[in-house]
Amino acid sequence: MNIDFSLVLVILVALSGLIWLLDVILLKPGRTAIGEEVRKSRSGARSQEDVEQEISAIAREPVVVEYARAFFPVLVLVLVLRSFLFEPFQIPTGSMIPTLEIGDFILVNKYAYGLRLPVVGTKIMDVDEPQRGEVMVFVPPHEDQYYIKRVIGLPGDTVRYEDGELYINRELVYSEPSGTTTINSAFGPVPGTLYTEVIGGIEHTIQTKNSSRSDLARRNRARSIWVVPADSYFMMGDNRDESSDSRIWGVVPDENIVGKAVAVWMHKEPGWNLPTFARAHWIQ
């Protein structure tokens, strides 16, 4: 089950703020008035210390109000940081291997592509536009959850991926073999090749299966050419043969953008393994 933490935070902020506000407007004045009546009625009857203790007990906030008042500023701060500055995200799949591994914890810059309202995602201020080669977090058009891929095509671009080679606006994207690897596929481990690729001046590493580099488009994706419409982006994973991306479900509209992935700050293998900071690095 996917939990919308932004929605949860908004609800908690609204609820705690409402409880605190209602207490300030409606309940606290009543407690104060009762305390003053007690002070007048107990005048001279007992020691002043006993009277003040009784008044303090009357004026004491209910527990729910006390918690609401204490947590409201903290929740507001977390909401602002998470919605407008940085949001943590854990890599759940291997579609961005070797750049990002399963279990990587990354930071997503929420203001890089414009400030957006939490939950609804409406852009309220332009900052910058996604550029080719950047790694972006977004909500795909077919599923209501976060995805992370690399920006390949900008609005108006023609993207072609055929025989394992990538073309943008009829120009072949530079790539050269840089090593070998083993790729975990649905049919088990298969040999693969690492390539150094440069898109938009950003150098990064991708990987493809040796057995399918020449027949990928023909076997899995009948379509090999796409024209990116306005206010949309064509996304692909660095694990080219093991990535569900724009080649399958189409382009990502601007309103679905979450933010720019900027850094890996922690990694944790599945299970009872302790987290490690050995993979901490800036994302290219």
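If you're wondering where the values come from, they're calculated on a predicted model, not measured in any experiment. Every heavy atom of this structure was used, including side-chain atoms; hydrogens, water molecules and symmetry mates were not.
W265 and F277 have tilted rings, their planes meeting at an angle from 30° to 60° on a 0 to 90° scale. A tilted orientation is assigned to the rings of W249 and F138, their planes being inclined by 30° to 60°.
The local environment of CD in E203 is sparse, with at most 12 non-hydrogen atoms from other residues, nucleotides or ligands closer than 6.0 Å. Around atom CD of E176, more than 12 heavy atoms belonging to other residues, nucleotides or ligands sit under 6.0 Å away. Residue-environment remark: CZ (F71) stays at or below the threshold of 12 foreign heavy atoms within 6.0 Å.
Contact check for V228 versus L154: no side-chain heavy atoms found under the 4.5 Å cut-off. In this structure the side chain of R69 never reaches within 4.5 angstrom of the side chain of D23, judged on heavy atoms. Residues Y167 and Y161 form no side-chain contact, since every pair of their non-hydrogen atoms from C-beta on lies 4.5 Å or further apart. Between I152 and S246 the shortest side-chain heavy-atom distance does not fall below 4.5 Å. The shortest side-chain heavy-atom distance between F86 and L81 does not fall under the 4.5 Å cut-off. Contact of the V251 side chain with the P229 side chain is registered, since non-hydrogen atoms from C-beta on lie closer than 4.5 Å. Between N239 and M96 the shortest side-chain heavy-atom distance does not fall below 4.5 Å.
Using a cut-off of 4.0 Å between Lys/Arg side-chain N and Asp/Glu carboxylate O, D157 and R132 are scored as salt-bridged. Taking a cutoff of 4.0 Å between a charged side-chain nitrogen and a carboxylate oxygen, R240 and E197 qualify as a salt bridge. Look at D128 and K260 and you find no salt bridge, because none of the NZ, NE, NH1 or NH2 atoms lies under 4.0 Å from a carboxylate O. Using a cutoff of 4.0 Å between basic side-chain nitrogens and carboxylate oxygens, R116 and E255 are not scored as salt-bridged.
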Report task. Could you walk me through whether D254 and K123 pass the salt bridge (Lys or Arg N to Asp or Glu O under 4.0 Å) test, one step at a time? Result -> CA-CA 9 Å; D254 181 80; K123 185 185 290 187; 3.6 Å; yes
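Distance check: L194 CG to I183 CD1 gives 8.0 Å after rounding to the nearest 0.5 Å. With rounding to the nearest 0.5 angstrom, the CD1 atom of I91 is 10.0 Å from the CD1 atom of I97. In this structure, the separation between OH on Y113 and CE on M136 is 6.5 Å, given to the nearest 0.5 Å.
Side-chain N/O atoms of T208 and D241 include no donor and acceptor closer than 3.5 Å.
With sequence neighbours left out, Y233 forms a ring pair (Phe, Tyr, Trp, His ring centres under 6.0 Å) with no residue at all. Annotation: side chain to side chain contact (heavy atoms under 4.5 Å, CB included) contacts of T158 (sequence neighbours excluded): N169, I225, V227. For F72, the ring pair (Phe, Tyr, Trp, His ring centres under 6.0 Å) partners at least two apart in sequence or on another chain are W20.
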